[in-house]
Amino acid sequence: MMTRRQALHRVAAVSAVCAGASALLRPHAQTPPPPPAPAPAGPFRLPPLGYDAEALEPHIDAQTMKIHHDKHHATYVQNLNKAVADFPDLAAKSVEELLRDLPGLPEKVRNAIKNHGGGHYNHTLFWQLLKVNNGGKPSGELAKALDAKFGGFTGFETEFQKAAMGIFGSGWAWLTLDGKSLKLETTPNQDTPLTAGRFPLLGLDVWEHAYSLKYQNRLVDYVAAFAKIIHWDFVSERYQKAIS
Ligand code: MN3
C-alpha cells in the first residue's frame with residue numbers, strides 16, 4: 001500500500017510526464033506571452049448615451065447606435081487615454097483644452113490626440129444632438145440667426161445637407177459659431193472645429209460606420225434621417241449660452 005508521500009510523488013511524476021508530452025505535442029510552444037497591459041482606466045471616460053440604443057428608430061437603428069457608441073466611441077476614449085498616459089500635465093486637461101491647443105501639444109502625441117481626442121469630443125457632442133423630435137425646430141435667438149444667415153430654416157437645411165453630401169471620405173458636417181456668427185463647415189476624419197477656434201453647435205458624423213449598416217451607400221437618406229432627429233432644444237440652448 002502506498003503511503004501518502006508516495007502517492008503525492010506519483011501524482012507529481014505523472015503530471016510531469018503529461019506536461020512533457022504536451023510540450024512535445026506543441027514543439028513551438030514557449031512560455032506564454034504576457035497578457036496585454038490593460039488600457040489605462042482614465043482620465044477620459046466613455047459617457048453614457050443618455051437614452052436607449054433603440055430610441056432613434058427607425059431613423060438610426062439600435063445596432064448601429066450600439067456599435068457606434070460601445071465600440072467606436074469607446075475605442076477613441078481608450079486610445080486617448082493611452083496617448084496621455086505618459087503626460088500627466090495633458091492628462092489633467094479637458095479634451096476641449098487639448099483640442100483647442102493642438103499645435104502646442106508635444107509632437108509625439110499631437111496626432112493621436114487630434115484623432116482620438118477629436119473622436120471623443122465629436123461623439124460626446126453627437127449623442128446629445130440626437131432625439132426623435134417629431135418636427136422640432138430651432139427656437140429663440142438661434143431661429144432668428146438661422147433666418148438671418150440662410151433666409152429661413154429650409155435654407156439652412158438645404159445648405160447643411162449640401163455640405164454633408166460634399167464630404168469626400170470620412171468626416172463631419174458642422175454648424176459652428178465663428179465669433180458670434182453662424183458658419184457651415186466640414187472637417188475631415190475626426191478633426192474638430194474647436195482646433196480652428198470655432199465652437200460647434202451641431203455636427204453630423206458622415207463616417208460610414210454611422211450609417212452604412214442601415215443605409216448602405218445611401219448617404220442622402222441618412223442625412224435626411226438625421227434632419228428628423230436633431231434635438232433642436234439642445235442646440236438652441238447651446239447657441240444661447242455661447243452668445244451670452
Ligand atoms: Mn462616428
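As the structure lists them, so they are numbered: ligands from 1, and atoms in each ligand from 1. Starting from 1, each residue takes its place in the sequence as its number.
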(message) Quick one: does any side-chain atom of Trp207 pair with a main-chain N or O of Asn189 as donor and acceptor, under 3.5 Å?
(response) yes

(message) Check for me: within less than 2.8 Å of the Mn ion (ligand 1), which protein N/O/S atoms show up?
(response) His68 NE2, His123 NE2, Asp205 OD2, His209 NE2

(message) If hydrophobic residues (ILVMFWY) are linked whenever their side-chain heavy atoms come closer than 4.5 Å, directly or via other members, who joins Leu213 in its cluster?
(response) Ile67

(message) Checking the side chain of Glu159 only, and the main-chain atoms of Phe156 only, is there a donor and an acceptor separated by less than 3.5 Å?
(response) no

(request) Output all residues satisfying salt bridge (charged side-chain N to carboxylate O under 4.0 Å, His left out) with Arg238, sequence neighbours left out; order by chain, then residue number. (result) none

(message) Whether the His209 and His68 side chains hold a donor-acceptor pair (N or O, under 3.5 Å, no angle test) is what I'd like checked.
(response) yes

(request) Sequence neighbours left out, what passes salt bridge (charged side-chain N to carboxylate O under 4.0 Å, His left out) with Glu141? Give chain and number order. (result) Lys144

